[in-house]
J.: 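Okay, here's the structure, questions in a sec.
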Amino acid sequence: SASAFASSGITAVPIPNSVTSVGSSAFSGCASLTSIKFSDNMTEITNDMFHSCSKLSAVSIPGNIKKIGSYAFFNCDALKEITISSGVTYIGDRAFDFCDSYTEIRIPGTVQTIGDGAFCCSSLKTVILENGVKDIGTAFWSSGITTIELPESIEMLDMYAFDKCRSLTKITIPSSIKTISYGAFR
């Protein structure tokens, strides 16, 4: 249920395969949490599920997870390694915002939508978007990215897509881009 283990002292979360869903904020604020293993039968990481788990340093999201909810890993400031497997289709708003320890993210081509501010982190330098990703919104707004190569599957850059990306020095824009909105690189 929602907030089931919130702010508890648990250190590991091995979610058994008998579990098909976990409520929002279930492990939010678990400051001692260092490891997670997802059930093979879960399809969603709910909103705020691991919000502010300050010792969590790595997360591997398996392909059976289709949706990563908004604020799912928000403020997990020790998170250095994020692996998102092929199969994930949606990454919610600010899902990995304020996770200022990781430097690289690979987004699989199965991801159709990335929410606003999902990867708004000053430590993020390298973004690899696989072909198939269609909408990045303002996912990388105010991040520390230095270079990015957009895949052919993206047709539009939203307003403020790379706003306040002060370190961005190189972007490869594919011929598939039809619209670059106002302020995309402001």
Side-chain angles (χ1 to χ4, degrees), residues 1-108 110-111 114-129 136 138-146 164-167:
S1 82
S3 303
F5 300 96
S7 300
S8 72
I10 61 173
T11 58
V13 177
I15 302 171
N17 287 338
S18 58
V19 174
T20 57
S21 67
V22 176
S24 63
S25 303
F27 303 99
S28 180
C30 290
S32 299
L33 182 65
T34 58
S35 70
I36 304 164
K37 184 193 178 304
F38 294 100
S39 161
D40 291 341
N41 295 310
M42 288 176 60
T43 58
E44 178 180 3
I45 297 171
T46 53
N47 295 346
D48 297 292
M49 191 171 184
F50 297 99
H51 186 294
S52 297
C53 292
S54 58
K55 288 190 180 172
L56 185 63
S57 62
V59 65
S60 181
I61 300 167
N64 56 288
I65 301 288
K66 303 303 177 205
K67 178 182 178 185
I68 300 170
S70 296
Y71 296 86
F73 295 93
F74 181 87
N75 200 32
C76 292
D77 53 359
L79 200 54
K80 291 182 178 159
E81 186 179 327
I82 301 167
T83 304
I84 301 173
S85 297
S86 184
V88 173
T89 59
Y90 178 86
I91 300 170
D93 293 345
R94 303 186 80 175
F96 295 94
D97 191 6
F98 284 101
C99 297
D100 287 326
S101 293
Y102 69 100
T103 59
E104 180 176 309
I105 190 71
R106 175 181 296 275
I107 311 291
T110 56
V111 173
I114 305 173
D116 293 333
F119 299 98
C120 181
C121 301
S122 60
S123 63
L124 181 60
K125 304 296 180 212
T126 305
V127 175
I128 301 160
L129 294 168
I136 61 170
T138 58
F140 306 104
W141 171 86
S142 197
S143 70
I145 60 173
T146 56
K164 297 183 181 168
C165 290
R166 305 280 186 244
S167 300

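Note that the numbering runs from 1 along the sequence shown for the chain. Remember, it's a predicted structure, so these values are computed and weren't measured experimentally.
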J.: How many angstroms lie between atom CG of Asp100 and atom SG of Cys120, to the nearest 0.5 angstrom?
T.: 8.5 Å

J.: Hey, is the main chain of Gly87 close enough, under 3.5 Å, to the side chain of Thr110 for a donor-acceptor pair?
T.: yes

J.: Give a yes or no on whether the backbone of Lys80 and the side-chain of Ser57 come within a donor-acceptor separation of less than 3.5 Å.
T.: no

J.: Taking the side chain from Asn17 and the backbone from Asp40, do they hold a donor-acceptor pair closer than 3.5 Å?
T.: yes

J.: Would you confirm whether Asn75, through its side chain, and His51, through its main-chain N or O, come within 3.5 Å as a donor-acceptor pair?
T.: no

J.: Using 30° and 60° as the class boundaries, would you call the ring planes of Phe38 and Phe50 parallel, tilted or perpendicular?
T.: perpendicular

J.: Could you tell me which non-hydrogen atom of Met49 sits nearest to which non-hydrogen atom of Ile15, and how far apart they are?
T.: CE-CD1, 4.3 Å

J.: Do Phe27 and Ile10 have side-chain heavy atoms sitting under 4.5 Å apart?
T.: yes

J.: State whether the side chain of Thr103 and the backbone N or O of Leu124 hold a donor-acceptor pair below 3.5 Å, judged by distance alone.
T.: no

J.: Report the C-alpha separation of Thr83 and Val59 in whole Å, then their side-chain angles, then the decisive distance to 0.1 Å, and conclude whether the side-chain contact (heavy atoms from CB on, under 4.5 Å) test is met.
T.: CA-CA 6 Å; Thr83 304; Val59 65; over 6 Å; no

J.: Which heavy atom of Ser54 sits nearest to which heavy atom of Ala78, and what is that distance?
T.: O-CB, 3.2 Å

J.: Over 60° means perpendicular and under 30° means parallel, so tell me whether Phe119 and Phe96 are parallel, tilted or perpendicular.
T.: parallel

J.: Roughly how far, to the nearest 0.5 Å, is the CG atom of Leu56 from the CG atom of Leu33?
T.: 5.5 Å

J.: Give a yes or no on whether Lys55 atom NZ has more than 12 heavy-atom contacts from other residues, nucleotides or ligands under 6.0 Å away.
T.: no

J.: Are Ser28 and Asp48 linked by a side-chain donor-acceptor pair shorter than 3.5 Å?
T.: no

J.: Is the backbone of Lys66 close enough, under 3.5 Å, to the side chain of Thr89 for a donor and an acceptor to pair up by distance?
T.: yes

J.: Nearest 0.5 Å please: distance from the OG1 atom of Thr43 over to the CG atom of Asn64.
T.: 8.0 Å

J.: If you look at every heavy atom in Ser32 and Gly9, which pair is closest and at what distance?
T.: CB-O, 3.8 Å

J.: To the closest 0.5 Å, what do you measure between OG (Ser21) and CD (Glu44)?
T.: 8.5 Å

J.: Judged by atom type as modelled, is there a donor-acceptor pair below 3.5 Å linking the side chain of Ser70 to the main-chain atoms of Gly92?
T.: no

J.: Using side-chain heavy atoms (C-beta onward) and a distance below 4.5 Å, is Leu129 in contact with Ile114?
T.: yes

J.: Taking the side chain as everything from C-beta on, heavy atoms only, tell me whether Ile145 gets closer than 4.5 Å to Thr126.
T.: no

J.: Counting only heavy atoms from other residues, nucleotides and ligands, does the tally under 6.0 Å from OH of Tyr90 exceed 12?
T.: yes

J.: Donor-acceptor check, side chain of Asn47 to backbone of Gly69, threshold 3.5 angstrom: yes or no?
T.: no

J.: Which heavy atom of Ser85 sits nearest to which heavy atom of Gly63, and what is that distance?
T.: CB-N, 3.5 Å

J.: Measuring from atom CD1 of Ile36 to atom SG of Cys76, what distance do you get when rounded to the nearest 0.5 angstrom?
T.: 7.5 Å

J.: Which heavy-atom pair separates Gly23 from Thr46 by the least distance, and what is that distance?
T.: O-OG1, 3.1 Å

J.: Would you find a donor on one side and an acceptor on the other, under 3.5 Å apart, between the side chain of Thr34 and the backbone of Thr11?
T.: yes

J.: Closest approach of Gly29 and Cys53, non-hydrogen atoms and distance?
T.: N-SG, 4.3 Å

